[in-house]
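Residue numbers start from 1 in every chain, and the chains themselves are labelled A, B, ... in the order their sequence lines are given, proteins ahead of strands.
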Number of protein chains: 2
Amino acid sequence: MIMKVSVYVFLLFLFSLNLRAENGHDLWLRNKSTSHVNVVCSKSSPTLSIAVQELQQGWQGKDGVKVILTVKNDKAIRNNGFRLSPAGIQANTDLGILYGVYELLRRQQTGEIIEENVCNPSYEFRILDHWDNPNGTIERGYAGQSIFWRSGDTALSVTQNDRTLWKEYARADASIGINGAVLNNVNASPMMLSKKYLQRVKAIAEVLGPYGIRTYLSINFSSPAVIGGLKTSDPLDPEVIKWWKGKAREIYSLIPDFGGFLVKASSEGQPGPQDFGRTHADGANMLADALNPFGGIVMWRAFVYSPTDLDRAKQAYNEFMPLDGQFRDNVIIQVKNGPVDFQPREPFSPLFGAMKKTSVMPEFQVTQEYLGQAIHLVFLATMWEECLQSETYQKGAGSTVARCTDGSVYPQKHTAIAGVSNIGLDTNWCGHPFAQANWYAFGRLAWNNSLTSEKIADEWIKLTFAPVVPGQATSTLFSTEWTEHFLIPVRRMMLQSREAAVNYMMPLGIHHIFAGNHHYGPGPWYAPRGLRPDWTPPYYHKADTLGMGFERTRAGSDAVSQYHEPLGSQFNDLNTCPDKYLLWFHHLPWDYKMKSGRKLWDEICYHYETGLQQVREFQKIWDKVESYVDTDRFILIQSKLRSQCANAQVWKDACLLYFQQFSRMPIPYDIERPVNNLEDLIRNDTRRR
Amino acid sequence: MIMKVSVYVFLLFLFSLNLRAENGHDLWLRNKSTSHVNVVCSKSSPTLSIAVQELQQGWQGKDGVKVILTVKNDKAIRNNGFRLSPAGIQANTDLGILYGVYELLRRQQTGEIIEENVCNPSYEFRILDHWDNPNGTIERGYAGQSIFWRSGDTALSVTQNDRTLWKEYARADASIGINGAVLNNVNASPMMLSKKYLQRVKAIAEVLGPYGIRTYLSINFSSPAVIGGLKTSDPLDPEVIKWWKGKAREIYSLIPDFGGFLVKASSEGQPGPQDFGRTHADGANMLADALNPFGGIVMWRAFVYSPTDLDRAKQAYNEFMPLDGQFRDNVIIQVKNGPVDFQPREPFSPLFGAMKKTSVMPEFQVTQEYLGQAIHLVFLATMWEECLQSETYQKGAGSTVARCTDGSVYPQKHTAIAGVSNIGLDTNWCGHPFAQANWYAFGRLAWNNSLTSEKIADEWIKLTFAPVVPGQATSTLFSTEWTEHFLIPVRRMMLQSREAAVNYMMPLGIHHIFAGNHHYGPGPWYAPRGLRPDWTPPYYHKADTLGMGFERTRAGSDAVSQYHEPLGSQFNDLNTCPDKYLLWFHHLPWDYKMKSGRKLWDEICYHYETGLQQVREFQKIWDKVESYVDTDRFILIQSKLRSQCANAQVWKDACLLYFQQFSRMPIPYDIERPVNNLEDLIRNDTRRR
């Protein structure tokens with residue numbers, strides 16, 4: 001009888017494994033080995049053990065081949081880079097070996113040639129920022145609760161399930177080159193630095209460490225007063241300085257490989273040095289000094305703006321440029337890709353390349369706060385590629401944001417890049433299966449900021465949706481049919497998806513016209529009495545009967561002058577300002593004649609319509625690939641695309657009907673008519689349909 | 001000072017008149033006279049006074065012309081018909097004169113030739129049924145509360161406002177030939193026959209009378225027991241008979257021109273003769289006998305069905321055919337156009353033409369219970385024309401429903417037609433401006449059942465949307481441009497609108513798949529446990545993995561055999577059954593090959609898609625006529641069309657995604673993908689968006 005039950009349990013187990021196979025939990029790490037590999041590694045360490053195990057479990061090369069893993073100093077190899085060759089992997093560090101293993105396995109699966117070459121990372125620190133709160137909620141998280149924190153009586157007990165999940169998380173990060181994780185929200189609770197929370201950080205760090213993931217914490221600048229019992233948190237106060245030094249010592253005694261602090265200070269109501277009449281440099285340097293003995297870094301966010309300034313887009317530059325040169329070597333200024341806030345499209349932040357004596361790191365948002373959250377299929381690599389490849393014209397032509405931030409133009413003390421994570425407790429980690437591609441893309445770009453979106457999409461699709469046949473190497477299953485009927489159309493969809501979202505949300509440089517608070521649907525009308533103007537869409541679109549757009553030219557807020565010439569003049573001049581930034585920099589009449597020959601109003605209408613039709617096309621693309629995808633993921637994505645299309649209709653209708661009140665011009669007659677009424681849209685919150 | 005105030009009041013009055021001009025309240029009666037007419041009428045009566053006044057206030061013919069109104073017997077003229085000629089109007093009755101005046105004025109405004117001809121009504125009784133409840137609500141009403149009844153302390157007091165509104169109502173009815181109004185819901189409250197309610201009926205009748213509108217009441221068959229205090233309401237009980245005779249006498253003493261009773265009995269929980277083991281004939285005849293001395297009629301509804309019968313569509317025929325010949329001369333059996341219940345499309349009821357010894361009247365539903373209520377633009381004249389022009393094959397070929405019910409095939413004692421009203425307290429009477437066209441069309445068809453939908457639409461558009469220029473005759477304002485760019489496209493839209501609704505709601509004979517209770521959105525899945533099966537959509541669509549449709553052939557419920565040959569065989573045979581009734585009569589496999597060459601499933605999909613695209617096209621048509629319509633009505637209709645389009649998407653998505661669970665076949669790839677998810681549609685009631 002007991003035997004019988006065991007057999008059932010075993011069958012049930014097999015069955016559940018099988019089901020789980022395509023629930024998305026395995027991410028881009030779905031393959032199993034198809035042959036035997038003979039791994040030779042003279043050294044041993046937890047990280048190297050993982051490397052060996054990954055090779056053995058994922059090997060899809062020739063049977064019985066010998067692969068040699070060699071940890072040996074080599075000047076051609078930087079940081080955790082590696083030298084890959086058909087015969088094996090060489091690196092300066094154990095972690096470099098692990099990265100080489102993941103690269104080798106990826107190449108095997110995707111069918112890339114494996115030849116001798118050195119792969120070095122673009123950035124020293126490649127960090128995921130988790131905006132996770134101690135109670136388990138996630139700010140701007142759309143895939144369930146935190147994997148690190150939870151509420152309730154067992155909030156701080158570490159279970160085997162926790163460790164399993166953290167390990168899976170660490171493996172996924174490591175497989176794409178991420179080497180750091182900020183475990184908590186930038187709007188940080190002081191509690192995070194308390195003893196009991198640090199115990200849990202320690203437990204997490206122990207799981208993450210072997211995968212080369214260092215843990216970081218967001219800190220609350222008021223911590224000395226709030227949890228330290230001091231009278232002040234003034235960064236120049238000796239007691240405060242002492243408190244932070246002690247706290248750093250305490251943390252490093254628990255977590256020797258602790259990475260450092262991320263700080264959102266004097267921004268959106270968070271405390272900071274300005275509360276005490278000090279500068280960002282005063283605050284950042286004080287913390288940097290506390291961490292320096294232990295090798296920690298401070299990532300200090302440049303995301304600051306005050307309600308009184310006339311142009312929010314200018315403020316980070318205005319506040320931080322005067323401080324260039326005043327920061328300690330272990331301070332990195334973390335700058336969002338654009339000057340406002342993770343919008344569907346922004347020009348790059350003018351701080352990139354402008355701060356020449358300070359380490360500056362780009363901050364990307366992987367979680368789709370402003371891009372349809374876990375409902376819309378929006379592949380963000382194209383957005384990040386656009387930012388990274390933007391010419392800054394700093395130090396002459398040819399200096400892109402990528403080069404200005406990765407040490408190839410300025411000899412920065414540290415290079416780094418951060419992405420705001422999109423993961424949570426959802427079985428598939430990210431809510432939307434295609435949102436996994438954004439996690440993947442962030443890691444890949446952090447490792448190599450010159451990768452193209454197309455290359456990343458290609459890899460990800462192959463790893464994530466390849467046919468699985470036990471015993472057969474993945475790359476042998478990419479038939480011409482599969483490539484033509486699955487890979488190419490799905491890749492095309494991914495590569496068009498961000499432009500589609502820009503089209504149906506905010507084309508032509510329109511920005512921040514989201515519904516209040518949730519930032520999901522449209523809210524160009526949103527302006528509750530008494531709310532800070534820079535928290536309302538009319539502040540940004542400035543639509544009136546004359547026209548719309550934010551005048552940031554020399555005749556306006558002069559934000560254009562924060563860009564290095566000839567860019568400032570190019571943005572300033574209507575003849576040279578790219579259409580995609582037009583209303584970001586210019587307030588233009590509704591009948592302004594566009595380069596297309598159309599009037600501005602018509603051009604706006606056609607962009608919204610194009611966006612909607614692009615999503616309709618994505619639906620068709622997806623429906624056509626049904627036979628190449630497992631049922632669960634097919635149906636989930638199909639369902640989300642339906643909602644995305646309905647949302648695109650809402651976006652289009654809301655924006656056209658709202659702005660039409662000002663333009664007083666008809667929607668061109670060849671465009672699909674709105675199916676939503678403005679008053680209904682204003683009445684009903686358009687969140688998640 | 002007082003003078004000043006008066007001037008303001010006067011200006012305000014003018015201003016409000018002006019505003020009111022295009023709020024829809026004036027219906028198709030918007031024109032004012034443009035010249036003087038010399039009306040000669042030797043007789044006088046309230047009705048003739050109205051006729052003279054209408055001529056004077058609406059005259060758009062030559063200035064100073066003499067028009068002679070002559071009441072004189074003429075055998076060519078029947079009932080309230082009239083003889084129209086350029087010189088005047090002749091009729092047998094005062095009311096005939098009034099109808100002639102309205103015809104003359106309509107012809108002037110629409111630009112029709114006025115030549116000598118006799119116009120006789122198709123039906124003797126042309127009745128609007130108001131499903132108004134004593135508390136002021138209206139069953140299946142979508143344009144506000146009742147104009148006849150209200151709740152509260154002043155429920156039964158008659159105000160000047162009441163009289164004004166009733167008069168406007170009576171005038172509108174009379175202008176299109178309606179000559180009767182049932183003032184209350186067929187699901188009747190016994191209270192309606194109480195003294196105090198009859199007082200109000202009397203007040204209404206006094207206003208309606210001069211316009212030739214006789215009042216009728218729906219009665220509750222249990223009234224003798226409920227308000228009479230009798231032990232029974234058995235129609236053969238002497239006390240009951242006596243009670244009804246007394247009640248009839250009481251009514252006629254108050255309202256000498258009272259029309260009679262409308263009865264819904266032994267149906268959907270309403271009491272009736274079957275409660276006492278009596279037949280419909282027993283019940284109807286008893287009431288007929290009570291009314292006969294006063295010239296009243298009984299309209300007895302054939303809308304009956306029991307939950308136990310296997311096919312609801314067959315029941316009215318089964319119950320009433322055996323009673324043919326048993327009804328009194330002043331009983332008319334009121335039969336809905338189709339055998340089920342006012343669906344977007346049904347074949348005609350087989351009772352039409354089959355009951356040869358009984359007066360049978362068609363009942364149409366003007367209020368759009370099943371056709372998008374006051375949101376969707378659906379012109380119903382095409383539906384009624386389709387019914388009226390249906391060949392019954394009774395007494396040989398050439399006998400349509402129209403001819404079988406208007407006395408031209410059978411010498412019926414009485415001919416009549418009823419429409420369930422769509423009006424309420426809304427300023428524009430019907431909620432949707434285009435719903436006025438259905439009120440108009442019902443009246444016009446009741447007068448002349450051979451009118452085409454196109455003619456009716458043409459008239460109505462001209463009367464309702466013609467340009468208004470003071471002093472200029474309406475018909476002189478129909479420029480070629482107006483005709484081409486307004487009249488023709490809007491008429492086309494109206495004429496296509498019912499087929500569009502059939503397409504996006506229930507094409508190919510699908511029927512009654514509405515959401516429960518409200519009958520607005522789709523609910524093919526609606527089947528709460530324990531609910532009568534014939535109140536749930538699966539009873540009607542019978543979708544399963546093999547196919548869908550209700551098998552009413554000889555191999556099924558044999559409803560086909562209720563139709564006269566060759567119709568029964570035609571419906572029975574797949575080769576001859578029209579596509580539009582296909583799934584009404586047949587359960588067919590999903591891959592059944594249609595005459596189009598498509599599979600059934602694909603054909604269903606294309607119909608839903610066509611419906612949606614038709615509404616999209618209506619939106620474009622409407623947007624293009626903006627310059628020809630006043631702003632208020634333009635915007636209101638534009639807004640409703642948006643909702644209609646969103647609703648059409650919901651209908652299409654709900655039905656295709658629901659039925660796809662059974663068909664397991666893909667939605668053809670050239671069709672716009674669904675944008676709603678089935679589970680959301682099931683969760684959210686889709687009422688009014």
Side-chain angles (χ1 to χ4, degrees), chain A residues 375 489 504 605 609 612-627 631 634-654 656-657 660-661 664-681 683-684 686 688-689, chain B residues 375 489 504 605 609 612-627 631 634-654 656-657 660-661 664-681 683-684 686 688-689:
Chain A
I375 307 293
Y504 66 71
C605 292
E609 173 70 2
L612 169 59
Q613 298 306 334
Q614 284 175 302
V615 182
R616 290 208 193 289
E617 183 60 27
F618 297 164
Q619 291 189 277
K620 289 198 175 181
I621 288 172
W622 190 249
D623 277 3
K624 275 194 180 149
V625 302
E626 178 164 8
S627 61
T631 309
F634 175 79
I635 286 178
L636 179 61
I637 292 161
Q638 185 188 48
S639 155
K640 286 176 184 286
L641 281 168
R642 283 181 193 141
S643 301
Q644 184 173 359
C645 192
N647 291 170
Q649 285 187 303
V650 165
W651 267 100
K652 175 189 139 191
D653 295 355
L656 294 191
L657 296 176
Q660 193 180 32
Q661 299 177 116
R664 301 173 183 176
M665 292 163 78
I667 295 168
Y669 286 119
D670 52 344
I671 283 178
E672 213 176 278
R673 305 287 95 184
V675 299
N676 298 282
N677 282 300
L678 185 59
E679 56 275 25
D680 298 332
L681 292 168
R683 196 179 321 114
N684 310 327
T686 52
R688 307 266 166 92
R689 316 184 94 215
Chain B
I375 307 294
Y504 65 70
C605 293
E609 173 69 1
L612 169 59
Q613 297 306 335
Q614 284 175 301
V615 183
R616 290 208 193 289
E617 183 60 26
F618 297 164
Q619 291 189 278
K620 289 197 175 182
I621 288 173
W622 190 250
D623 278 3
K624 274 192 182 152
V625 302
E626 179 165 6
S627 61
T631 309
F634 175 78
I635 286 177
L636 179 60
I637 292 161
Q638 184 189 47
S639 155
K640 286 177 184 286
L641 281 168
R642 282 180 195 141
S643 302
Q644 185 174 358
C645 192
N647 290 171
Q649 285 187 303
V650 164
W651 268 101
K652 175 190 139 191
D653 295 355
L656 294 190
L657 296 176
Q660 193 179 34
Q661 299 177 115
R664 299 173 185 176
M665 291 164 77
I667 295 168
Y669 286 121
D670 52 345
I671 283 177
E672 212 177 278
R673 304 289 94 185
V675 299
N676 298 282
N677 282 300
L678 185 59
E679 55 276 23
D680 298 332
L681 292 168
R683 195 179 321 112
N684 310 327
T686 53
R688 307 267 165 92
R689 315 186 92 215

[X] side, atom [atom1]; [Y] side, atom [atom2] - distance, nearest 0.5 Å:
X: Q619(A); Y: I667(B); atom1: CD; atom2: CD1; value: 9.5 Å
X: D680(A); Y: S643(B); atom1: CG; atom2: OG; value: 6.0 Å
X: Y669(A); Y: K624(B); atom1: OH; atom2: NZ; value: 7.5 Å
X: N677(A); Y: K640(B); atom1: CG; atom2: NZ; value: 10.0 Å

Which bit of Q644(B) is near chain A, if near means a heavy-atom gap under 4.5 Å: side chain, backbone, both or neither?
-> neither
Is [Y] close to [X] at the side-chain level, that is, under 4.5 Å between some pair of heavy atoms?
X: R616(B); Y: R673(A); answer: no
X: R642(A); Y: L657(B); answer: yes
X: K620(A); Y: E672(B); answer: no

Chain B interface, residue from D653(A), I671(A), L678(A) that has the most non-hydrogen pairs under 4.5 Å =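 Most pairs with chain B among the choices: I671(A).
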